Structures are given as C-alpha cells and as structure tokens.
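Sequential numbering from 1 along the given sequence is applied to the chain's residues. None of the values given here were measured: they were computed from a predicted structure.
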Amino acid sequence: MADHNVPQEWKPAGFLEEFSRIDSNMEDRSFMFLLGAGTSVSSNIPAGGTLAWGWLEELQRLYQGSSPEVPIEEWATADSLGIDGFDIEKAATFYPQIYDKRFGDDPETGYAYLENVMSKAEPNIGYSILAQILENTRHKVVVSTNFDNLVADALSLYTNTFPLVCGHESLTGFVRPKLRRPLVAKIHRDLLLAPKSDVKGTETLEDGWARVLEKLFGEYTPIVIGYGGNDGSLMGFLDRLKPGQVRGGIFWCYRIADGKPEKRVCKLVAKHKGKLVPILGFDEFMLQLKEQLGFDLLAERLEAQNKQRIDRYREQFNKFKENLANHKEESGTEEAEAVEGMRKTLVKTVKREKSWWGWELKARAEEDPEQREQIYRKGLEEFPISAELTGNFALFMKDVREDYDAAERLFRRAIELDPEHANNTG
C-alpha cells in the first residue's frame, strides 16, 4: 500500500520537459519561483546555517573570551544557550533562536550585521536566467524568504524591465495575481525594512501576506528552490492550505548534496500532489531551464550594453565640458562667477582622473600641440596597452601633427591591441 506521506520524485530532465510542455501548451497555467537562502549562496551571501554557526562562535567568545575553555560543540547546548531542544548538529534549523540570542537585546545591531553581510552580493548566473524568465515569459512571480535584492538587481542588470518589489506587509495591498511586470514578494521583509530573523517574526505570517499568498498559490504552480522549510511562517501557511489549493501541485527542488528534505516537507509535497526534484544547485538548475526555454547566454549583450553605458557617460561629460568651455557670459556677473567656479571644478576633476580616459581629457584640454603630444606619450607610458588612448593619439598625429608615418604605426598598434575597435579599424 502506497504511503500518502511520501511524494513522487522526478528527475530534473523530466521536470524540465514538463515545464516546457506546460509553458507551450497551457497558457492559462503559470509557474512561480519560491526562493530560500540556498539560492543566494553562489552570489556571496552565506546560507542560514553558516550565519547561525558564526553567531554561535560569537556568543561563545562573548561569554568565554577570545580563548574559549571548551570546544564549541561542547559549549553550545540547550542549557548554555537557553534554547529548548537545541542540537548543534541541526544548527541551521535553530537560526531564529540563535539570532534572538545574539541580537535580541539590540535589534539594530542584527539589521546592521545582515546589511554588511549582503552589501557585496552580486546576482550570479542563476539569477540572470531567472531575470530573463521573469521578463520574457508569463512566469513572473517570485516569493522569497530572503531579504536581499538579488532578484531586483538581476532584472536591472540583465533586462530592460523592473519589478514590483513588495518588501513589507503594508505593501501587500498592491499585489495582484495578474501583473504586467514581475513581482518579488519578500515575506520576511526587505533588508532595509527591519527584516524578520527572530523567532517571533519567522514563526508567524502577517495577515496581509496570508491573503496575498493564498491568491498567488491558487493561480501559480510553485517551484521551490533553496528553501528548507525551517520557518514557521511560510511553512505553516503551506501546511494550512487544503489539498487542491495549490494549482498544479508543488515542485520542491532539493540539493542532492544535502539529501532529501525532512519528513515535514515530504508530507507537505505529497499532500499537494507535488513532486521532489533532486538538483545540483540553483545555478545549475537555472542553466538547464535556460536551455529548455532556448534562451541565449548574455555575455556579449552585457558587454555591448556596458560599452554603450561607458561611451554615453564619457560623451555626456565631454559635451558638458565643451558647452562650459564655449559658454559666453558677461564678465563680472553672478553667472560668470558660477561658470568660472565650474571650470575650476572640471580642471580638478580631470587632473584627479587616473585612467586612460583621464590622460585623454588632459590632452584635449591642452591647446599647444607640442604639449598635447607629450601628454599622450606620458599617458601611453602609464597605459601602454590602451587601444583607446593609442588610437586617439594616432588621430591626433594624423589630423593635427600631420605625421602620417607615426600615425600609421600607432593605428597598427591600436588594432593589435583591439581588432574590433571601430575607430581604429576605420
């Protein structure tokens, strides 16, 4: 007799085919992505278990000094921490309780700690693919227990769209099941809006979220990635949902290296007629999904976009500088004084710039051709492999100095450095 608490398990390839079939043949069915801390690890944000261990070590040093008397495995017990049932082997599952012990007396220090941990995070390749999916398909919803901004950052970096980010329960009134643009629902709040890491915050789900999530789970089929089900808020909500309330069931992806999810998760997935899907990791799974959907890699597009931004930035600065140089104002007036102040500011800005472009700006600012040539030569001593500066020097030698042999040598050198640079090849 089949055990109704044990869900079916699908191979990743089988699930990806099913995703593709539903995407192609069932326009009334959409997926949403339910993300936990595991999706952010490759983007340089520690997993909950790693943070919990770090806080345990800090607590031991706070109580026992920088040279603890006993190993942390002996010190960190239910009695010493005052955490009922604590088991250091399962420290990750006690994340909220450990957070409370470390920061409960001064919540602001906890917020600052998390802000610092996430300050250098940058969305990895998995998030870039997720951003493509959110922009180009009808699968536009992300529900997350994470505080970070990786989904929104990825959309900004890799696409031409921006999402509705709902990072606080007071904003849930703006969430609708049918949206024109991507939705990022942060049920434990945004990093800068008093994120919920403590026991009270992670155990209960705000009323506003309960209503919104019930609608979303009734419209979208969830794909769970990087979420362990250790909080009481989201997991409790899912437990309370009746069979049939989750459209299409739950596809719960778990990392093979971590083993199958706990019994509570398996029971939940079976209850909603879902499937377990073993994966190598978030980035790996998203790469497979990218291939299933036929999306291209973004490296060349990103390179072109980045070059356009840089060129536009430099062009705007040069235009601003030229306009200011050509500005005609009546001497002795307030306007003349302001313009002169701006000119001095620009001189200081150019002088401080330490890139090849800084040398180019210095050269352009020099009216004497002899001095300008010397500036170019000094610049190339510092940046000998700059195709841009070499090419600009070549143009100067051709158009201003009329030294065509030197110009040709410089152009050939610039093309060697960057065969694709349009100015030089032209």
Side-chain angles (χ1 to χ4, degrees), residues 119-120 122-123 153 156-160 162 298-426:
S119 62
K120 296 180 181 179
E122 188 168 329
D153 287 349
S156 176
L157 288 169
Y158 302 118
T159 74
N160 295 315
F162 56 90
L298 297 174
E300 290 186 4
R301 194 180 93 182
L302 291 173
E303 191 172 38
Q305 287 178 340
N306 191 47
K307 185 180 184 306
Q308 287 175 358
R309 289 193 182 103
I310 293 171
D311 291 345
R312 186 166 60 247
Y313 180 89
R314 288 173 177 153
E315 182 182 344
Q316 288 173 348
F317 183 85
N318 289 332
K319 187 175 181 180
F320 176 76
K321 190 169 175 289
E322 290 169 7
N323 289 341
L324 200 61
N326 298 326
H327 192 279
K328 304 297 182 182
E329 67 279 348
E330 188 177 342
S331 62
T333 63
E334 185 177 357
E335 181 185 20
E337 183 179 347
V339 170
E340 183 60 26
M342 276 304 306
R343 285 173 178 154
K344 290 179 179 178
T345 298
L346 283 177
V347 170
K348 292 179 181 178
T349 300
V350 170
K351 186 177 292 186
R352 194 173 60 252
E353 182 63 33
K354 301 299 182 183
S355 64
W356 74 262
W357 185 46
W359 284 102
E360 175 65 24
L361 292 173
K362 292 181 182 74
R364 290 189 185 187
E366 178 56 60
E367 295 182 0
D368 180 14
E370 184 69 33
Q371 292 297 319
R372 188 186 298 186
E373 181 178 337
Q374 294 307 312
I375 290 172
Y376 271 122
R377 293 191 184 282
K378 288 180 181 178
L380 284 176
E381 287 178 8
E382 189 170 342
F383 295 95
I385 60 172
S386 170
E388 296 88 351
L389 190 61
T390 304
N392 289 343
F393 187 24
L395 285 171
F396 167 77
M397 294 301 287
K398 177 176 74 73
D399 297 336
V400 178
R401 301 294 272 175
E402 297 183 348
D403 186 341
Y404 302 116
D405 290 339
E408 182 178 352
R409 287 194 298 271
L410 287 165
F411 273 127
R412 289 184 182 279
R413 171 60 176 158
I415 292 171
E416 287 177 8
L417 292 169
D418 185 358
E420 304 297 325
H421 198 285
N423 288 347
N424 300 330
T425 56

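With a 4.5 Å cut-off on side-chain heavy atoms, Q305 and R309 count as touching. Side-chain contact between F383 and T390 is absent, with no heavy-atom pair separated by less than 4.5 Å.
The existence of a salt bridge linking E416 and R413 is confirmed by a sub-4.0 Å separation between a basic side-chain nitrogen and an acidic carboxylate oxygen.
A search for salt bridge (charged side-chain N to carboxylate O under 4.0 Å, His left out) contacts involving R401 returns E370, E373, not counting sequence neighbours. Not counting sequence neighbours, D405 has no partner by the salt bridge (charged side-chain N to carboxylate O under 4.0 Å, His left out) test. In this structure N160 satisfies the side-chain hydrogen bond (donor to acceptor under 3.5 Å, both in side chains) test with no other residue, sequence neighbours excluded. With sequence neighbours excluded, the residues forming a side chain to side chain contact (heavy atoms under 4.5 Å, CB included) with K398 are L395, Y404, A407, F411, listed by chain and number. By the side chain to side chain contact (heavy atoms under 4.5 Å, CB included) test, N306 pairs with I310, sequence neighbours left out. Remark: T159 engages no residue in a side-chain hydrogen bond (donor to acceptor under 3.5 Å, both in side chains) (not counting sequence neighbours). With sequence neighbours excluded, the residues forming a side chain to side chain contact (heavy atoms under 4.5 Å, CB included) with A365 are K321, listed by chain and number. Shown here are the salt bridge (charged side-chain N to carboxylate O under 4.0 Å, His left out) partners of R372, two or more places apart in sequence or in another chain: there are none. Every residue two or more places apart in sequence or in another chain that forms a salt bridge (charged side-chain N to carboxylate O under 4.0 Å, His left out) with E408 is listed here: R412.
Closest of all the heavy-atom pairs between A363 and I375 is N-CG2, 3.7 Å. For the residue pair G358 and V350, the shortest heavy atom distance occurs at O-CG1, 4.2 Å. Looking at every heavy atom in both residues, P369 comes nearest to V400 through CB-CG1, 4.2 Å. The heavy-atom pair separating L380 from S386 by the smallest distance is CD2-O, 4.5 Å.
Among residues at least two apart or in separate chains, side chain to side chain donor-acceptor pair (under 3.5 Å) pairs with a member in residues 339-348 are E329-R343. Among residues at least two apart or in separate chains, side chain to side chain donor-acceptor pair (under 3.5 Å) pairs with a member in residues 355-364 are E353-S355, W359-E382, E360-R364, E360-Y376, E360-N392. Within the structure, ring pair (Phe, Tyr, Trp, His ring centres under 6.0 Å) pairs that include any residue of residues 326-352 do not occur (at least two apart or interchain).
To the nearest 0.5 angstrom, N318 atom CG is 10.5 Å from Q316 atom CD. One distance of note links CG of L410 with CG of L389; it measures 10.0 Å at 0.5 Å rounding.
Applying the 6.0 Å contact sphere to CD of E337 captures no more than 12 heavy atoms from other residues, nucleotides or ligands.
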